[in-house]
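These notes concern the structure reproduced below.
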Amino acid sequence: MNAVTLFGAHKRAFIRTAVVVVYIALAVCMFVTGRSHTVLIDNRASEDGSYKAVNGMSVTVNHNKPSDFMKGDRDKFTVKGQTLRIKVESFDGKIDTTYTLKIPLTEDTVLVSIPKLASGASADEAMESFEL
């Protein structure tokens, strides 16, 4: 076997390995960005009184249409990907902010408490796993 034939065989093996690696990376990327999650947005006061429900607010989750919430309301949204952006505008003007949360890849459904976020809790404290 001469050097040219040996080099050509290594080149083909390298190209085949590179193609397999690219396919695997593409599959992982598609899984992570295309994974959908159910997000429950909650506007309820805590049982221990540590935070109160917002009297009325408009909530936009990622790029969905805004939804209005009154005290005690809860609504469901389906989002794709791991990043969750929640824009909250209270009717009285006291809250006008956007929260960015990271949904764990393994979670199918999460509950996000807007009053808890508004009271200064971290994203990890305001978001919890939820079983349907």
Q | Chi angles and distances behind the side chain to side chain contact (heavy atoms under 4.5 Å, CB included) call for F69, S58 | A | CA-CA 6 Å; F69 286 78; S58 177; over 6 Å; no
Quick check against the 3.5 Å criterion: does [X] have a side-chain atom that pairs as donor or acceptor with the backbone of [Y]?
X	Y	answer
D75	I41	no
N43	G72	no
N62	N64	no

Output every pair passing side-chain hydrogen bond (donor to acceptor under 3.5 Å, both in side chains) with a member in [range], not counting sequence neighbours, ordered by first then second residue.
range	value
residues 94-104	K87-D96
residues 123-132	E107-S129
residues 108-118	R35-D108

**Q.** Residues in side chain to side chain contact (heavy atoms under 4.5 Å, CB included) contact with K71, at least two apart in sequence or another chain
**A.**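 A53, N55.
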Q) Can you name the residues that form a side chain to side chain contact (heavy atoms under 4.5 Å, CB included) with K80, not counting sequence neighbours? A)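 With neighbours one apart ignored, the set is S36.
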Q: Apply side chain to side chain donor-acceptor pair (under 3.5 Å) to T83 and list each qualifying residue two or more places apart in sequence or on a separate chain.
A: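 Residues passing side chain to side chain donor-acceptor pair (under 3.5 Å) with T83: none at all.
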Within one Ile-Leu-Val-Met-Phe-Trp-Tyr cluster: [X] and [Y], side-chain cutoff 4.5 Å:
X	Y	value
I114	F130	no
V61	L111	no
F77	I103	yes
V59	Y51	no

Is there a side-chain contact between [X] and [Y], using heavy atoms and a 4.5 Å cut-off?
X	Y	result
P104	Q82	no
V28	L26	no
V112	V39	yes

Q: Report the residues that fulfil salt bridge (charged side-chain N to carboxylate O under 4.0 Å, His left out) with D42, sequence neighbours left out, ordered by chain and then residue number.
A: R44, R74
Q: For residues 14-26, pull every pair meeting salt bridge (charged side-chain N to carboxylate O under 4.0 Å, His left out), keeping only residues two or more places apart or in separate chains.
A: none
Q | Shortest non-hydrogen separation from L105 to H37 and the atoms involved | A | O-CE1, 3.9 Å
(Q) Apply the hydrophobic cluster definition, ILVMFWY joined by side-chain contacts under 4.5 Å directly or through others, and give me every member besides V22. (A)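 For V22, no cluster forms, as it stays isolated from other hydrophobic side chains.
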Q.
If you apply the rule side chain to side chain contact (heavy atoms under 4.5 Å, CB included), what do you find for L40 with V110, and how did you get there?
A. CA-CA 6 Å; L40 299 170; V110 293; over 6 Å; no
Q.
With rounding to the nearest 0.5 angstrom, report the OG to CG distance, S122 to L101.
A. 9.0 Å
